Amino acid sequence: MDRYEPLKIEEKWQKIWEETEAFKVSEIKDKPKMMLAEMFPYPSGAGLHVGHVRNFTIVDVLTRFYMQQGLNVLRPFGYDTFGLPAENYAIKTGTAPQKVTLENIENFRKQAKRLGYAIDWSREINTSSPEYYKWTQWCFLQLYKKGLAYQKESYQWWCPEDKTVLANEQVENGKCWRCGHEVEKKKMKQWFFKITEYADELLDEIDSLEWPEKIKTMQKNWIGRSAGALIEFPVNSRAASGRPVATGGRRLSSCCRTPDSLEFTGNSITVFTTRPDTIKGATFIVLAPEYQGLDFIVTDDCKDAVAKYKADALKKSEVERQENKEKTGVFTGSYAINPATKEKIPIWVADYVLAGYGTGAIMAVPAMDERDREFAEKFDLPIVETELVDRDLYGTPKVTYKMRDWLISRQRYWGCPIPIAYDKEGNPHPIPEDQLPVMIPEVKDYQPDDSGRSALAKAKDWLKVTIDGEEMTRETDTLDGYACSSWYLWRYASPHDKEHAWNEAAIKYWEPVDYYVGGDHAVAHLLYVRFWCKFFADQGYLPFREPIKRLLYNGYINAPDGKKMSKSKGNVIDPLDVINDGYGADTLRTYEMFIGPYDMDAAWDPRSVGGVYRFLNRCYNLLAMQNPDKVDNSIIRNKTIKKVTEDIHKYNFNTAVAALMEYVNELYKVGASEEDLVVLAKLLKPFAPHLASEMLERLGADDEWPKWDEKYLVSDIVTVVVQINGKLRAKLEMSADDLEDEKKVMEAVLSDKKVQKYVENGIKKQIFVKKAKLVNLVV
RNA sequence: GGCCGGAUGGCGGAAUUGGUAUACGCGUUCGACUUAAAAUCGAAUGGAGCAAUCCGUACGGGUUCAAGUCCCGUUCCGGCUACCA
């Protein structure tokens with residue numbers, strides 16, 4: 001008898017799939033389509049991780065399931081290749097990121113092929129290839145043309161030692177990750193995408209998506225819409241009517257001469273509040289340290305104190321702000337007039353008010369708001385209990401969002417260059433579309449220089465560009481990697497199109513994506529793709545407004561000890577080791593589907609891997625144990641078809657595998673007919689495609705998904721459960737026909753000796769539940 | 001602090017949504033095969049008890065003929081978020 005040798009079988013089938021381009025698809029008009037994708041991976045040097053395997057296998061199970069059902073199924077693959085690790089490696093070793101990236105892709109591809117995924121390899125994409133990022137730049141230009149890509153001064157983390165801007169994740173405990181110097185916030189000009197333009201639509205359409213509630217809620221909270229009002233508080237000696245009131249000893253004239261902004265003259269302060277009805281309780285005003293008109297408001301006496309407070313606040317790291325919630329603040333010396341009470345109320349500066357939200361100014365109602373009360377108590381400010389007034393009396397209605405515009409410029413080398421150049425006056429100009437892509441120049445040294453700009457600034461020749469006959473200097477910032485992944489799903493439809501980012505007809509056929517699977521980026525990426533989709537739909541480039549119909553958010557796989565796998569802990573399980581140890585890819589795949597519900601975290605259990613291997617081994621052994629005529633397994637066979645089909649529809653992959661195990665155990669006991677085995681192989685194929693293909697070949701069968709026949713699922717004999725006072729006391733066998741007649745059921749129940757013992761003293765109440773095949777007697 | 005999930009044998013997890021708690025797998029024990037081991041196959045396996053029975057889904061109440069499932073309260077664990085006015 002031959003033995004199950006997974007590595008041999010897998011090599012054979014992988015070769016066949018490769019040579020026949022088995023999963024290459026194109027648009028077929030009269031066939032229903034299905035498109036599935038995982039969140040494409042960053043191909044790190046470490047190669048495939050067991051987490052990738054779980055993610056990719058979920059996609060593959062669904063892919064093969066729908067293929068076997070006869071749909072035209074596209075399952076593409078790609079690589080998200082821009083990013084920090086490659087750049088850091090380049091800084092350390094001087095190796096070009098381009099080179100390292102291609103090596104990593106090569107390795108990743110090889111490993112993915114060892115897992116037998118039904119990928120259309122002709123559609124592979126790589127975000128750092130010029131053929132791809134040309135179109136990322138094109139997308140940027142479309143947003144720029146419509147005013148949705150813009151520049152703005154904003155406060156950024158800045159390392160004074162390295163003289164560079166740092167991303168949030170590069171700040172560790174308030175210190176620069178490279179040199180350890182304390183970082184501070186610095187005002188700098190940065191590029192943004194105006195995602196806030198779509199805030200309402202992004203929020204309102206969430207409910208229409210077949211996404212996990214968890215993710216939907218996270219996105220809703222992130223967008224954070226709240227309805228309130230803007231209320232203007234006149235400052236200092238001027239009341240709303242212009243009537244003079246007592247001043248706080250401050251010379252008004254000096255502040256009103258130099259306004260560079262109409263809104264921040266210092267004549268008034270506009271606050272945002274969700275509770276305009278509590279205005280009578282507003283006993284002071286609080287401004288954010290970065291409040292734009294602050295200089296016009298502070299009196300000379302208070303100037304130094306406020307300046308010091310502001311400087312300290314900007315130095316405060318995120319961590320410090322989190323750890324220390326003790327209220328701090330300083331008085332500006334000025335007063336505002338509460339328009340409702342006409343009272344003079346002091347204006348303070350405190351970092352518990354955020355510059356980026358609302359107007360950066362609040363009216364403090366310590367009687368109603370916990371934070372305001374804390375502040376009032378600490379600084380001995382008045383707390384006035386108050387009755388409510390009409391919401392619209394003193395303000396104008398205003399909706400605000402927690403979501404900010406998306407900061408996209410990065411001072412990094414290894415990213416997609418922003419296709420912009422500056423004239424001599426420093427005005428930005430888009431690079432003409434026919435000059436795309438703006439290639440990433442080669443440099444010798446990848447370390448950012450003293451200018452605080454990315455290493456792109458070192459490519460002196462590259463910097464110069466002529467547009468419409470005018471000499472200009474290129475932008476040296478690159479795009480956030482999330483920009484590259486905001487449109488890749490559409491590139492999959494026509495990955496080699498040289499004329500367009502995506503082909504209209506192909507998009508119309510394949511998309512939106514039917515299933516998207518991943519375990520990360522709940523808000524960032526998954527919000528950005530939705531934003532771009534709506535934008536490009538508005539420009540007429542996309543025929544839908546939501547890019548992803550269904551989202552599956554899978555859990556992580558942890559180390560056997562339950563902790564996160566990490567190199568430093570030395571608890572990483574390498575999926576290629578599992579395969580090469582002799583278990584094979586089918587065992588690995590099936591195990592990761594069996595490990596637990598797909599959306600829950602799970603700990604790797606090496607011994608359970610063996611259990612799945614034993615199961616596949618038994619499947620294989622059944623081939624030699626055929627018992628063609630003697631057995632009739634119609635009941636369990638049909639039951640299993642139904643269970644596995646329905647479980648896959650519900651993404652209950654773990655119980656689908658369990659059902660297959662039960663089926664195999666039964667066949668092992670009583671023997672299997674050819675039909676039993678064909679069905680087994682077909683149902684097994686999404687999980688263990690190599691073994692199933694081998695079985696089907698030997699059985700001479702195709703892989704068409706089997707259907708169950710309901711007639712085998714209703715049996716003639718049923719078991720009726722008898723409870724006494726809700727406790728199980730007896731089980732009776734009776735014919736299904738008798739079950740229809742309550743009288744007959746009760747007769748049978750009461751003639752049972754065991755039951756009789758319990759009902760000697762009479763029955764108070766009897767309940768018969770036909771659906772549950774259950775009788776409950778209350779005695 | 002806020003929001004959202006969880007808590008079921010020695011372990012990972014099932015349970016048609018109120019109706020036989022612990023499917024399937026791991027582990028453990030016993031048996032078969034073997035000179036032996038591994039592999040494989042078979043049987044048993046929530047706890048207590050000789051037994052009839054009793055107790056069991058984090059804890060305390062409640063609703064119901066019937067609760068892992070519904071309601072109220074408590075504890076613990078995980079995720080996200082973090083002074084958003």
Side-chain angles (χ1 to χ4, degrees), chain A residues 3 212-222 224-226 228 271-276 278 282 286 288 318 321-322 324-327 350-365 368-372 374-375 400-404 522-523 555-556 560 562 590-591 594-597 599-612 614-615 617-618 621 643 646 652 654-665 668-669 719-731 757 763-779:
Chain A
R3 287 179 46 233
E213 284 307 316
K214 186 177 82 174
I215 308 299
K216 293 200 214 177
T217 309
M218 279 166 75
Q219 292 210 351
K220 282 182 197 170
N221 292 342
W222 182 262
R225 176 162 67 192
S226 53
V271 305
F272 173 75
T273 177
T274 52
R275 295 297 306 275
T278 65
V286 189
E318 294 290 333
R321 279 204 181 197
Q322 271 174 37
N324 188 9
K325 286 214 179 135
E326 180 79 10
K327 295 278 180 293
D351 66 0
Y352 84 90
V353 174
L354 307 174
Y357 184 75
T359 60
I362 63 157
M363 63 175 206
V365 186
M368 300 293 288
D369 187 283
E370 213 180 298
R371 295 153 302 182
D372 296 342
E374 233 178 89
F375 193 81
T400 7
Y401 304 88
K402 280 189 201 173
M403 182 169 69
R404 316 287 151 87
V523 281
Y556 291 111
T590 309
Y591 169 65
F594 183 62
I595 196 167
D599 56 352
M600 265 175 51
D601 291 354
W604 187 268
D605 179 1
R607 290 188 297 204
S608 289
V609 179
V612 171
R614 277 192 280 280
F615 159 63
N617 197 21
R618 283 157 76 91
N621 289 342
K643 173 81 175 149
E646 291 181 348
N652 293 336
N654 55 330
T655 51
V657 174
L660 287 169
M661 287 172 166
E662 276 183 81
Y663 181 48
V664 166
N665 289 346
Y668 233 68
K669 257 183 230 159
T719 304
V720 172
V721 172
V722 184
Q723 296 181 337
I724 311 291
N725 292 337
K727 280 184 183 162
L728 173 70
R729 294 300 182 190
K731 289 181 189 179
K757 213 175 72 188
I763 300 168
K764 286 183 192 146
K765 190 172 182 179
Q766 63 186 49
I767 287 110
F768 171 59
V769 188
K770 194 163 76 184
K771 202 185 116 218
K773 289 172 242 162
L774 174 142
V775 171
N776 190 14
L777 303 175
V778 185
V779 296

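Each chain gets a letter, A, B and so on, in the order the sequences are listed, and its residues count up from 1. Computed from a predicted structure; not experimentally measured. Just so you know, these numbers use all the heavy atoms, side chains as well, and skip hydrogens, waters and symmetry mates.
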Indicate the atoms forming the closest heavy-atom contact of A/A603 with A/P560, along with that distance. CB-O, 4.3 Å

Which residues share a side chain to side chain donor-acceptor pair (under 3.5 Å) with A/N617, sequence neighbours left out: none

Give me syn or anti for B/U29, where syn covers glycosidic angles within 90 degrees of 0. anti

All side chain to side chain donor-acceptor pair (under 3.5 Å) counterparts of A/K731, not counting sequence neighbours: none

Check this one for me: any side-chain N or O of A/Y352 less than 4.0 Å away from OP1 or OP2 of B/A85? no

If you measure from the P atom in B/A48 to the same atom in B/C11, how many Å do you get, rounded? 15 Å

Between B/U57 and B/G47 - C1' atom distance, rounded Å: 14 Å

Whole-angstrom distance between B/U22 and B/A14, as gauged at atom C1': 7 Å

P spacing across the pair B/C76 / B/A39, given as an integer number of angstrom: 44 Å

Syn within 90° of 0, anti beyond: B/G62 is anti

Say you draw a straight line from OH of A/Y591 to CZ of A/F615; how long is it, rounded to the nearest 0.5 Å? 15.5 Å

Look at the aromatic rings of A/Y352 and A/F375 and report parallel, tilted or perpendicular, splitting at 30° and 60°. tilted

Using a cut-off of 4.0 Å on non-hydrogen atoms, how would the nucleic acid contact of A/Y668 be classed: base, sugar-phosphate, or nothing? sugar-phosphate

For atom P, what is the distance between B/A21 and B/G27, given to the nearest Å? 28 Å

Those residues at least two apart in sequence (or on a different chain) that pass side chain to side chain contact (heavy atoms under 4.5 Å, CB included) with A/K757 are none

Could you check whether any side-chain N or O of A/R404 sits under 3.5 Å from a backbone N or O of A/K402, counting only pairs where one atom can act as donor and the other as acceptor? yes

Between protein and nucleic acid, restricted to nucleotides 44-54 of chain B and to nitrogen or oxygen atoms under 3.5 Å apart, what atom pairs and distances do you find?
residue	atom	partner	partner atom	Å
B/C54	OP1	A/R729	NH2	3.3
B/C54	OP2	A/R729	NH1	3.2

Please list, by residue number, the residues of residues 212-222 of chain A whose heavy atoms come closer than 4.0 Å to an atom of RNA chain B; answer none if no residue qualifies. A/M218

With A/N652, which residues qualify under side chain to side chain contact (heavy atoms under 4.5 Å, CB included), at least two apart? A/D647, A/K650, A/N654, A/T655

Can you sort out the partners of A/D599 under side chain to side chain contact (heavy atoms under 4.5 Å, CB included), two or more places apart, ordered by chain and number? A/P597

Nearest-Å distance once atom P is located in both B/A44 and B/G25: 13 Å

I'd like the C1' distance from B/A66 over to B/U20, given in whole Å. 12 Å

For the C1' atoms, the ones on B/G10 and on B/U45, what distance do you get once it is rounded to whole angstrom? 11 Å

Atom NZ of A/K402 and atom P of B/C80: how far apart are they, to the nearest Å? 16 Å

Paired stems touching RNA chain B, three or more consecutive Watson-Crick or G-U pairs with both distances under 3.5 Å? B:1-7 with B:75-81, B:10-12 with B:24-26, B:27-32 with B:40-45, B:46-48 with B:53-55, B:58-62 with B:70-74

Any donor-acceptor N or O pair under 3.5 Å, side chains A/R3, A/N621: no

Counting any heavy atom closer than 4.0 Å, what does A/R618 reach on the DNA or RNA strands: base, sugar-phosphate only, or nothing? sugar-phosphate

May I ask you to decide if A/I767's main-chain N or O and A/N776's side chain share a donor-acceptor pair within less than 3.5 Å? no

Scanning both residues in full, the closest heavy-atom pair of A/T359 with A/F272 reads OG1-N, 3.6 Å

Where protein sits on nucleotides 9-27 of chain B, one letter per nucleotide: B base, S sugar-phosphate only, - none, heavy atoms under 4.0 Å: ---BSS----BB--BBSSS

With sequence neighbours excluded, residues passing side chain to side chain contact (heavy atoms under 4.5 Å, CB included) with A/M218: A/K214, A/A522, A/V523

Which residues share a side chain to side chain donor-acceptor pair (under 3.5 Å) with A/Q219, sequence neighbours left out: A/R530

Side chain A/K764 and base B/C65 donor-acceptor under 3.5 Å: no

Quick one: salt bridge (Lys or Arg N to Asp or Glu O under 4.0 Å) partners of A/K770, sequence neighbours excluded? A/E740

